[in-house]
Amino acid sequence: MVKIRGITKVFHPGEVNEVVAVNDVSLEIPEGQFLVLIGGNGSGKSTLLNLLSGSLFPDSGKIVVGDAEVTRVPEYERAALIGRVFQDPLMGTSAGLTIEENFALAATRGKFRGLGPALNKQLRNEIRDRLALLAMGLENRLTSKVGLLSGGQRQAITLLMAVFQRPRLLLLDEHTAALDPRASREVMRLTTVMVREQGLTTLMVTHNLTHALEIRDRTVVMSHGSIARDIGSQDLAKMQVPDLMALFLESQGEGNTLLHRSTASS
């Protein structure tokens, strides 16, 4: 369970360029729920993820992940609780390290790292077994440098690394947006399988409304730093993309006029 209680984040407070990025947001994500977060540019999605990950602290409010309050806990200390996959495939892995070395780092995330060997036979076997699930042949390339892989392969590895220790919360920050259509579909398929099989509590930011309808657990729409819509699984099951688009535009204050204009031009 993830609990967000009245969190607010203001950038440049009291100045002429003050921005209320997140405004008194409260949200609960039950254990094992796959929540999709959508919203326009500047709606507060990325700021909310940064507040959850610990790369930013809220000005007020409270964040609880599992049994731990993490409101003021720095990002590196939340690493054992939270996994995150970014939009840029290059951000989640170290290009100069091998595949197995990257996984060795993931295996010790949030733990004390001593001076002993980071890799052993047991860990290598586990890494090989996990990589075999991708069906990309990477289980036979443990000593290959990650920088030699394609963007889709790197993002698939990043996803595996993020869930390696079964985090209490998985954050997906538009993690398929920078991939080509084929790689995007494959990474999204892998994401759904891993989240479902491990029962992971997940928050995914996306601009892809099709993904929101494919997940069908729950979709939250943000607008101007606040939650504008909270759509449950029963309502999502009845929707098509145009229906969700209409709610999205309405929540952004654009209404049916822009929807009709968009439909007419397509």
Side-chain angles (χ1 to χ4, degrees), residues 31-35 53 65-66 75-76 78-114 116-180 182-204 206 211 214-215 217:
E31 191 78 20
Q33 186 174 81
F34 196 155
L35 187 152
S53 70
V65 178
E75 186 173 20
Y76 71 91
R78 296 188 204 187
L81 296 174
I82 298 174
R84 186 172 184 177
V85 183
F86 293 89
Q87 178 177 340
D88 186 348
L90 306 184
M91 289 187 65
T93 52
S94 177
L97 298 180
T98 65
I99 292 175
E100 65 180 13
E101 288 168 344
N102 272 274
F103 272 94
L105 292 176
T108 57
R109 183 182 292 122
K111 299 178 180 179
F112 174 76
R113 293 171 179 168
L119 285 159
N120 54 46
K121 183 177 179 180
Q122 180 180 349
L123 180 57
R124 283 192 175 93
N125 287 338
E126 185 175 1
I127 294 169
R128 191 174 287 109
D129 290 342
R130 300 278 188 106
L131 287 169
L133 299 175
L134 300 180
M136 293 179 175
L138 296 177
E139 67 274 17
N140 301 316
R141 298 179 59 185
L142 294 188
T143 57
S144 294
K145 293 290 181 67
V146 166
L148 300 176
L149 305 180
S150 69
Q153 290 172 324
R154 289 186 70 163
Q155 199 69 321
I157 286 176
T158 299
L159 180 62
L160 273 182
M161 290 169 57
V163 304
F164 197 80
Q165 297 187 65
R166 198 181 184 280
R168 298 301 300 270
L169 174 63
L170 175 63
L171 300 176
L172 305 173
D173 192 356
E174 298 186 62
H175 71 306
T176 65
L179 305 176
D180 65 63
R182 181 179 178 181
S184 175
R185 286 194 301 272
E186 182 59 17
V187 170
M188 194 62 224
R189 183 192 69 79
L190 291 168
T191 299
T192 305
V193 169
M194 291 179 193
V195 168
R196 299 304 189 199
E197 288 186 349
Q198 296 189 40
L200 298 172
T201 306
T202 304
L203 191 156
M204 179 176 76
T206 184
H211 289 167
E214 288 173 348
I215 300 302
D217 271 20

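For the numbers below, each heavy atom of this structure counts, side chains included, while hydrogens, waters and symmetry mates do not.
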_Close side-chain approach of L149 and I99, heavy atoms under 4.5 Å_ = yes
*asked:* I'd like to know whether I157 forms a side chain to side chain contact (heavy atoms under 4.5 Å, CB included) with F103, so could you lay out the CA-CA distance, the side-chain angles of the two residues, the decisive distance to 0.1 Å, and finally the verdict.
replied: CA-CA 9 Å; I157 286 176; F103 272 94; 3.7 Å; yes
*What pairs meet the salt bridge (Lys or Arg N to Asp or Glu O under 4.0 Å) rule with one or both residues in residues 147-156, with sequence neighbours excluded?*
none
*Which distance, rounded to the nearest 0.5 Å, do you find between the CD1 of I82 and the CG of L203?*
10.5 Å
*Could you tell me which non-hydrogen atom of V187 sits nearest to which non-hydrogen atom of G152, and how far apart they are?*
CG2-O, 4.0 Å
*Quick one: salt bridge (Lys or Arg N to Asp or Glu O under 4.0 Å) partners of R141, sequence neighbours excluded?*
none
*T158: what forms a side-chain hydrogen bond (donor to acceptor under 3.5 Å, both in side chains) with it, not counting sequence neighbours?*
none
*Under the salt bridge (Lys or Arg N to Asp or Glu O under 4.0 Å) test, which residues partner E126, sequence neighbours left out?*
R130
*How many angstroms lie between atom CD of E214 and atom OG1 of T206, to the nearest 0.5 angstrom?*
10.0 Å
*Are any non-hydrogen side-chain atoms of T192 and I215 less than 4.5 angstrom apart?*
yes
*asked:* Determine whether M194 and L160 satisfy the following criterion, side chain to side chain contact (heavy atoms under 4.5 Å, CB included), listing intermediate values before the conclusion.
replied: CA-CA 8 Å; M194 291 179 193; L160 273 182; 3.3 Å; yes
*Under the side chain to side chain contact (heavy atoms under 4.5 Å, CB included) criterion, do H175 and M204 qualify, and how do the steps go?*
CA-CA 8 Å; H175 71 306; M204 179 176 76; 3.7 Å; yes
*In chain order, what residues pass the salt bridge (Lys or Arg N to Asp or Glu O under 4.0 Å) check against E186, with sequence neighbours excluded?*
R189
*side-chain contact (heavy atoms from CB on, under 4.5 Å) partners of S150, counting only residues at least two apart*: Q153
*Measure the CZ-CG distance between R128 and L123 for me, rounded to the nearest 0.5 Å.*
10.5 Å
